[in-house]
Amino acid sequence: MPSQAAYRPDEPTDSAASPVAEDMAVRPALAGESRTGKAADDTRVTPMMAQYVEIKAANPDCLLFYRMGDFYELFFEDAEIASRALGIVLTKRGKHLGQDIPMCGVPVERADDYLQRLIALGHRVAVCEQTEDPAEAKKRGSKSVVRRDVVRLVTPGTITEDRLLDPGRANLFLAIARRRVSDTAWCYGLAAVDISTGRFLISETDAAGLPAEIARLEPREILLPDGILDDPDLGPLWRENRAAITPLARDGLDPTSAERRLKEHFGVATLDAYGTFSRAEIAAAGSALYYVEKTQFESRPVLHPPERGAVGAALAIDAATRANLELTRTLAGERAGSLLAAIDCTVTPGGARLLAERLAGPLTDVRAIAGRQEAVAFLVDAGDLRERLRSILKQSPDLARALSRLGLGRGGPRDLACVRDGLLAARHLGTVLGITPGLPRDLEEAASVLRALDTSIADDLSAALADDLPLLKRDGGFIRQGFHGELDEARELQQDSRRFIAALQSRYANETGCRTLRVKHNHMIGYFVEVPQNVGEDLLKPPLKDVFVHRQTMAGAMRFSTLELGELEAKIASASDRAVRIELGLFDAMTQRLVTLSAAIASAADAIAVVDVTAALADLAARLAWTRPVVDDSLSFAVEGGRHPVVEAALRRDGTAFIANDADLSGDGAGRILLITGPNMGGKSTYLRQNALMVVLAQMGSFVPARSARIGVVDRLFSRVGAADDLARGRSTFMVEMVETAAILNQATHRSLVILDEIGRGTATFDGLSIAWAAIEHLHEANRCRALFATHFHELTALADRLPRLANATLKVTEWSGEVVFLHEVVPGAADRSYGLQVARLAGLPHAVVERARTILSELERSDRERPKRALVDDLPLFAVAAVAAKPGPQAPKADPLREALDALDPDAMTPREALDALYALKAQR
Ligand code: ADP
């Protein structure tokens with residue numbers, strides 16, 4: 001009895017036959033054959049090449065994945081680029097206009113991996129599929145080409161495949177549009193879409209806020225209309241961004257057609273239900289939708305209605321501050337070592353994404369912050385409930401992304417299972433929360449969304465889906481035995497036929513007396529009998545000749561078909577076709593049902609994420625003894641026993657304790673400035689950063705690593721920490737430092753928190769000292785913000801006598817047997833010395849150099865004593881910052897409402913009717 005496996009129709013075939021009916025169907029790279037022999041006329045363009053060239057011409061900015069059988073092939077320059085990028089073999093394939101055609105290819109089954117690498121390298125890929133059955137093409141003639149079309153553009157911002165996506169990070173593309181508000185000013189509309197989850201975010205900002213808003217959203221791809229792309233002022237912004245930049249022609253950008261596009265997409269008569277949107281926002285949203293259509297072709301992702309962040313709702317953090325504070329990634333670009341990595345205890349991918357989003361955009365609304373804190377506090381206290389919720393959450397997979405793939409027609413059986421598990425978890429969470437009394441608002445809202453969700457489809461999915469699911473739906477095998485009568489029948493028929501073939505094989509073996517006779521299958525000739533050459537010769541003669549029809553002679557073997565085998569083959573094929581068709585029908589029906597429910601399921605996914613983030617922050621707070629900060633509208637900043645979460649975690653791993661420190665910058669009407677001096681390695685940067693992170697954590701609704709904290713809401717957070725040369729941009733350390741300092745001094749308000757570390761070190765001592773000095777005065781008199789200022793210029797400590805809201809603090813150090821010992825404790829007062837030489841010695845500077853430096857130092861100190869700079873403080877009158885700052889700039893013109901109204905008009909974007917209305921309105925203002 002031969003093994004069952006011998007009859008599997010889907011086993012690898014022994015021929016590289018291709019299912020396509022065209023002259024370049026077989027991959028020469030695989031089959032090792034050359035097809036150039038018959039090309040008598042070298043300049044002939046094959047019909048297939050003509051098709052390829054036409055499709056490629058329509059997608060010039062993409063690498064073209066051209067489907068041929070089980071491969072995506074790339075040709076010409078695309079092949080050269082891809083073979084280099086992917087490290088795959090570059091071969092040749094026929095000729096085009098007399099030249100060899102370079103070619104390489106990737107198997108369809110593994111295309112995701114290759115796509116991931118190409119996308120990561122910044123390429124865009126157009127996926128071109130066969131859009132008809134090759135058999136159909138064959139009917140039109142043996143030389144006819146299978147119809148093909150591009151079905152999708154794969155770009156960094158539009159990917160949906162699990163393997164291509166980072167589970168803990170949103171994958172946004174950002175569309176930007178702008179409208180003039182005056183001769184010199186624009187307002188920018190931003191629309192960020194995550195196709196993989198359906199999230200659709202909208203906001204508006206001015207030119208100054210644009211970099212911070214982009215940094216908050218951290219898109220993978222930015223779509224820019226020509227006007228914005230070519231604006232020289234914005235050039236550096238695009239060059240510095242990690243995102244891929246995609247230029248966009250004007251299409252879809254005028255607000256009127258954008259609005260129409262939005263209404264059509266969401267099937268609404270007016271957008272009012274989603275909020276009030278400015279014209280720039282609508283234009284951006286329209287162009288985002290346009291890009292969805294452009295990249296997804298016939299497929300339509302399930303998008304949530306656009307969501308608008310209220311103006312001023314987020315703490316403004318510019319790109320430099322975000323990078324310096326290493327909020328979501330370190331300066332080296334890693335997630336590990338960032339604040340996000342240190343606080344992320346979420347257990348679902350959706351939760352991880354929401355946590356990242358909250359961390360990137362802390363709030364400024366005291367009530368909203370209190371709402372989140374309330375929920376975290378509730379779960380800090382209710383430890384058992386928290387554990388219960390977290391163990392349910394662990395069973396909840398990436399519901400949002402699976403749903404999106406199903407909606408796009410790209411889903412597989414495992415996506416159905418994923419939605420099923422997500423829905424079951426949602427139901428379970430809803431039940432547990434439902435019986436919990438006294439839920440705070442955020443959790444109550446999540447609970448009611450979860451309880452309202454109809455999860456009956458999850459039970460149907462459980463009944464329908466098999467236990468072990470294949471990745472792809474196309475071969476079937478994912479519907480449970482016993483779920484569908486007709487399907488079971490078709491499957492039995494297949495099984496029976498296979499048993500019948502096994503019987504046939506033993507019968508043929510008996511009849512021919514050949515024990516090694518085998519019935520096999522391949523795609524070229526279907527089922528056949530294979531015997532050794534010598535037996536084959538007998539089968540060519542009567543009487544066996546009547547049963548066995550010769551098909552092929554191989555080296556040492558011969559192949560025959562028989563009437564019975566042919567009949568069986570037809571039966572098996574039709575049964576298997578029927579089975580797969582039934583399964584695909586069931587798949588489509590289930591997908592359709594899910595898509596109809598997608599809005600409710602998406603809300604449930606959001607609710608699950610809220611529960612996860614809340615429970616995760618509570619878990620963190622409970623484990624690490626974090627406390628709930630008081631966040632109010634005052635100008636307080638009073639932290640007791642504050643710690644740096646990332647440094648503390650690193651020290652904990654080494655078994656070292658972190659020294660907690662207080663900070664008080666509270667003011668009435670204006671904030672206080674703390675000037676910190678102390679030796680290198682004393683802990684100044686750590687102290688500065690931990691207080692900035694305290695604000696971020698408090699305003700995102702988390703507890704904070706401190707014994708107690710009271711923080712008056714901060715509107716903008718600025719940090720200028722450390723120095724990095726930006727040689728790629730052609731800026732020296734000092735230039736970068738000055739650009740960032742300028743931004744702070746120009747933008748910080750009395751509600752802001754400013755962290756400045758080592759200003760003025762990149763230049764000569766007196767230059768640096770003067771700049772640091774003037775910057776402090778400006779912060780104190782003009783910005784009037786809360787600030788922490790670390791410096792090596794001890795001269796500055798004298799400013800405390802002159803500036804009433806400035807205090808000195810230092811990092812405590814002691815000396816023990818000639819060695820400096822850092823106590824990392826912040827105490828009032830100024831450092832008496834900088835211990836630079838001790839640190840240099842600790843770092844291993846040669847003894848001779850340290851000793852020589854010591855001599856030079858005492859000489860310098862002696863001359864300084866004779867001409868002390870300290871006197872400067874008394875000599876220099878306090879820079880009249882406030883007066884200068886208050887003086888109007890030379891070009892500030894008098895406000896003229898008529899002129900402003902005129903400036904706000906954009907004739908290119910108006911309908912004739914709108915233009916006429918605007919004219920009347922202007923006239924009325926006279
Ligand atoms: P500075 O800015 O003064 O040069 P850092 O803030 O970079 O010093 O701190 C140097 C090192 O000292 C840190 O990497 C950390 O290991 C340790 N450190 C800083 N602050 C503390 C603290 N509060 N408790 C314990 N160790 C600390």
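The figures here come from the full heavy-atom set of this structure, side chains too, leaving out hydrogens, waters and symmetry mates. One-based numbering, in listed order, for ligands and for the atoms of each.
For atom 12 (O) of ligand 1, a protein heavy-atom neighbour is found at a distance under 4.0 Å.
Between T797 and L675, the closest side-chain pair of non-hydrogen atoms falls below 4.5 Å.
At the top of the distance list for atom 4 (O) of ligand 1, counting protein heavy atoms only, stands M681 N, 2.6 Å. Taking atom 15 (C) of ligand 1 as the reference point, the nearest protein heavy-atom neighbour is V647 CG1, 4.1 Å. Given atom 23 (N) of ligand 1, the protein heavy atom at minimum distance is I659 O, 2.9 Å. Nearest protein heavy-atom neighbour of atom 22 (C) of ligand 1: H824 CB, 3.4 Å.
Contacts between P679 and ligand 1, counted as non-hydrogen atom pairs separated by less than 4.0 Å, involve the backbone only.
R169 and E218 are joined by a salt bridge, as a carboxylate oxygen and a charged side-chain nitrogen come within less than 4.0 angstrom of each other.
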- Checking salt bridge (charged side-chain N to carboxylate O under 4.0 Å, His left out) for the pair D344/R335: CA distance, chi angles, key distance, verdict? CA-CA 11 Å; D344 187 359; R335 187 178 193 272; 2.8 Å; yes
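Here atom 8 (O) of ligand 1 lies nearest to G683 when heavy atoms of A650, G642, A660, G683 are compared.
Remark: distances from the non-hydrogen atoms of G682 to ligand 1 include one below 4.0 Å. Using a 4.0 Å cutoff on heavy atoms, A790 does not count as a contact of ligand 1.
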